[in-house]
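We count ligands from 1, going down the list as the structure has it; atoms in each ligand are counted the same way.
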Amino acid sequence: SSADKGWLRYEKRQDAPCLSRIVRHSSASGEAVESAVRELRYAILQMTGDEPELTTTANLSDTAHRPYIQLAMVSAEDLPEALQTKELSQQLGEEGFALRSLPQEEGESVYIIGKTEKGLLYGTFHLLRLLQSEGQTLTQLDVIENPRNPLRMMNHWDNMDGSIERGYAGRSIFFKDNQFVQNDGRIRDYARMMASIGINGISINNVNVHKVETKLITSEFLPDVAKVAGIFRAYGIKLFLSVNYASPIQLGGLETADPLDERVGAWWKTKTEEIYKVIPDFGGFVVKADSEHRPGPFTYGRTHADGSNMLAEALEPYGGIVIWRCFVYNCLQDWRDRTTDRARAAYDHFKPLDGQFKDNVILQIKNGPMDFQVREGVSPLLGAMPNTNQILEFQITQEYTGQQRHLCYLIPQWKEILDFDTYAKGAKSEIKKVVSGELYPYSHSGISAVINVGDDDNWTGHTLAQANLYGYGRLTWNPDLSEQQITSEWIHQTFGNDPDVVEHVSSMLAASWGIYESYTSPLGVGWMVNPEHHYGPNVDGYEYSVWGTYHFADCDGIGVNRTVKNGTGYTGQYFPENAERYESLVTCPDKLLLFFHHVPYTHKLHSGSTVIQHIYDTHFAGVEGVENLIQQWSSLEGKIDAKRYAGVMARLEHQHKHAKEWRDIINTYFYRKSGIADEQNRTIY
Ligand code: BDP
């Protein structure tokens with residue numbers, strides 16, 4: 001297809017003798033191996049200009065002295081001795097791979113070794129990544145990797161009419177006019193991109209399952225779903241569907257969806273059998289129930305455990321799983337007494353149910369208790385349920401972080417969250433260990449994210465937003481990768497090795513989250529956006545509505561009192577170390593001050609500034625930060641192809657205009673409310 005190739009460009013970079021031949025060991029077969037070989041051939045052709053020779057070990061004997069790249073299973077008995085080590089077969093997990101170089105008479109050969117087909121696929125992509133990074137040679141290669149997270153998922157919020165809920169990169173790549181699109185090429189390219197970063201599960205439809213999408217699990221659409229699943233399968237990806245909890249009523253003609261009603265359970269069992277008949281490796285169901293007007297077990301006086309276990313039972317015989325979302329709160333509840341804090345909802349609902357869920361249920365928990373704000377506390381539910389599988393949910397699509405018109409690199413934010421110490425089992429109980437299954441013996445766990453792609457040429461609207469997509473996958477594979485490492489990998493593959501490009505794009509990405517935070521809502525308080533579409537400043541947009549997202553600004557002060565002492569009690573949901581840190585004004589970090597406390601505008605921050613002066617300063621600085629982004633990008637004119645250069649520049653200019661709007665509205669609002677002048681006398685309207 002004509003779409004942008006993202007980070008799979010394989011522009012001329014390195015050459016090595018082994019690139020002239022690909023050898024498939026007789027142990028290595030299957031669809032995913034086919035995909036690996038196809039990718040390798042294509043990439044080598046792109047990189048070297050020459051089509052590599054394709055052969056098998058059986059045909060190798062005469063020419064074995066000439067170097068090659070060989071794909072082989074670790075179990076193969078005739079591997080070179082150096083590769084037949086116990087360690088290797090012990091260290092390789094189901095999805096892991098090893099890359100080894102071995103000297104031949106005429107140069108070095110490279111072996112891609114795996115325990116499974118998927119391992120070989122991931123190993124292939126890793127080798128290609130190395131080939132494109134700077135200064136990497138293929139000699140003395142000795143890499144062994146296993147993914148840290150068992151489930152590495154993407155959630156689409158695509159609707160069948162082609163629209164995407166919170167999508168900022170065009171229309172759906174799967175659906176159009178209530179049908180599946182027929183352009184398989186685009187879906188295949190998408191699967192390649194996902195496999196290259198280790199994604200192994202994708203749900204293709206919106207968690208808000210409307211009338212048409214409810215029918216995805218019927219004979220009307222299952223053949224199409226199976227087609228997509230087939231494309232995914234060749235890339236080691238399992239397909240999941242979001243389902244409508246009320247399906248037994250809407251599709252099955254029952255008058256109830258009560259999980260404890262036998263007819264309901266039976267209906268789901270038959271339905272599940274039907275699905276597995278056409279998609280034998282179907283991943284399972286993603287469910288949003290009893291939240292934001294979605295149906296669920298509450299209607300029948302049942303719990304989330306009753307609701308999810310019933311579905312889990314249907315999936316169990318096939319190894320399928322239920323991903324039950326915890327973004328659950330009563331969206332019609334205004335804040336009338338101090339304890340109806342939306343931030344508390346997930347923990348209040350789910351924590352008491354720990355241990356009541358079946359083994360193939362996983363609770364999917366957003367990184368923060370509110371909703372993907374530029375900054376908010378980490379969800380206290382993460383790590384708080386030792387006996388219930390958990391999966392973390394990030395949002396790659398930038399609903400609240402500039403909607404892919406503003407540059408906002410989220411890797412630093414995600415790293416902060418993954419490195420957050422819950423103290424669930426004492427120090428070093430970081431979120432990354434909870435979701436990887438290291439902290440508690442979960443049978444399923446991992447990381448999931450709302451994806452940011454659409455049918456725009458460049459997949460993500462903003463070309464630089466591809467870095468979030470790429471980085472999410474890499475972090476999910478290995479949460480200990482540094483931000484610098486991820487950034488550098490992405491830039492080298494996407495834009496090449498020019499040192500100016502590497503330097504400026506890295507520094508732009510690194511600064512962008514902080515810049516966005518500076519000119520939008522201050523000190524962790526969040527929101528202040530226009531209702532519904534959530535784009536652009538509107539300080540009181542949600543302030544007097546029922547959605548529970550307030551800042552409580554008046555003429556004296558601002559912030560949400562979530563303390564145990566005299567607030568909503570939310571801080572008490574954390575383990576004591578964090579609870580105490582957030583509870584006290586002395587130890588609460590500045591960045592989250594207004595998320596946890598209501599303070600006067602004259603309150604002194606740890607930084608030495610007052611709250612009001614901080615608001616003014618950061619908002620001026622944020623706009624200057626955008627000016628700096630523009631300056632850096634313009635210095636790269638001519639070093640980046642004209643199309644991508646111009647596309648990004650147009651977005652940065654829009655961001656600049658918009659950052660000024662944010663700055664002026666926020667500063668004016670707080671100047672009027674507080675009556676306190678800017679120490680530096682800058683223009684505030
Ligand atoms: C919010 C979105 C809404 C989603 C909801 C969810 O505004 O569109 O449906 O989250 O995660 O961020 O279910």
Side-chain angles (χ1 to χ4, degrees), residues 153-161 163-169 172 203-211 213-214 240-246 285-296 298 304 307-308 322-333 342-343 345-346 349-350 362-377 379 381-382 390-404 408 410 413-414 417 447-454 468 472 520-521 526-536 538 541-542 545-550:
M153 288 202 57
M154 291 292 189
N155 290 173
H156 282 263
W157 284 0
D158 294 24
N159 301 314
M160 288 197 72
D161 66 4
S163 64
I164 303 177
E165 179 147 345
R166 313 308 177 189
Y168 312 108
S172 171
S203 61
I204 61 171
N205 64 307
N206 191 357
V207 288
N208 298 314
V209 186
H210 310 293
K211 205 162 168 208
E213 295 85 21
T214 300
F240 289 72
L241 288 173
S242 299
V243 295
N244 181 343
Y245 203 80
F285 301 140
V286 175
V287 193
K288 170 174 179 176
D290 287 314
S291 181
E292 298 188 321
H293 312 291
R294 302 315 301 158
F298 283 5
H304 288 288
S308 55
V322 179
I323 299 183
W324 192 266
R325 297 179 77 238
C326 297
F327 184 64
V328 166
Y329 69 99
N330 183 350
C331 53
L332 294 179
Q333 186 170 57
R342 169 167 158 180
H349 277 296
F350 287 93
I362 313 184
L363 299 184
Q364 180 162 304
I365 303 165
K366 287 190 184 185
N367 64 258
M370 293 300 281
D371 200 7
F372 303 130
Q373 299 303 292
V374 65
R375 169 110 33 203
E376 59 179 296
S379 171
L381 192 56
L382 289 159
Q390 296 195 333
I391 181 169
L392 169 62
E393 178 178 330
F394 284 136
Q395 193 184 46
I396 313 175
T397 194
Q398 294 169 239
E399 176 177 359
Y400 296 99
T401 49
Q403 305 198 348
Q404 278 135 257
C408 189
L410 293 167
Q413 187 199 58
W414 298 334
I417 292 157
I447 308 182
S448 192
V450 187
I451 197 168
N452 64 347
V453 308
N468 284 330
Y472 164 76
T520 55
S521 66
W527 310 94
M528 303 192 174
V529 290
N530 284 301
E532 286 164 26
H533 59 71
H534 298 166
Y535 192 65
N538 183 345
Y542 277 118
S545 77
V546 292
W547 291 81
T549 60
Y550 311 124

- Message: A side-chain contact here means heavy atoms from C-beta on lying under 4.5 Å apart; do Ser448 and Ile323 qualify?
- Response: no
- Note on the structure: One finds that the ligand 1 atoms under 4.0 Å from a non-hydrogen atom of Lys288 are 4 (C), 5 (C), 6 (C), 9 (O), 13 (O)
- Item | Closest approach of any protein heavy atom to atom 7 (O) of ligand 1, naming residue and atom | Glu399 OE2, 2.5 Å
- Query: So, Asn206 versus Glu165: side-chain donor-acceptor pair below 3.5 Å or not?
  - Reply: yes
- Per-atom filter on ligand 1: closer than 4.0 angstrom to a heavy atom of Asp371 are 1 (C), 10 (O), 12 (O)
- Query: Do Glu399 and Tyr535 have side-chain N/O donor and acceptor atoms under 3.5 Å apart?
  - Reply: no
- Using a 4.0 Å heavy-atom threshold (strictly under), name the region of Asn208 that reaches ligand 1: side chain, backbone, both or neither. side chain
- Can you sort out which atoms of ligand 1 are near His534, meaning under 4.0 Å from one of its heavy atoms? 7 (O)
- Task: Report yes if the side chains of Phe285 and Tyr245 come closer than 4.5 Å at any heavy-atom pair, otherwise no.
- Result: no
- In terms of residue, atom name and distance, what is the protein heavy atom nearest to atom 8 (O) of ligand 1? Glu165 OE2, 2.4 Å
- Looking at Tyr542 versus His534, is the centre-to-centre ring distance below 6.0 Å? yes
- Pick from His293, Glu292, Lys366: the one approaching atom 10 (O) of ligand 1 most closely through a non-hydrogen atom: Lys366
- Message: So if I count the atoms of ligand 1 from 1 in the order they appear, which ones are less than 4.0 Å from some heavy atom of Phe327?
- Response: 5 (C), 6 (C), 10 (O), 11 (O), 13 (O)
- Check the angle between the aromatic planes of Phe298 and His349 and answer parallel, tilted or perpendicular using the 30° and 60° thresholds. tilted
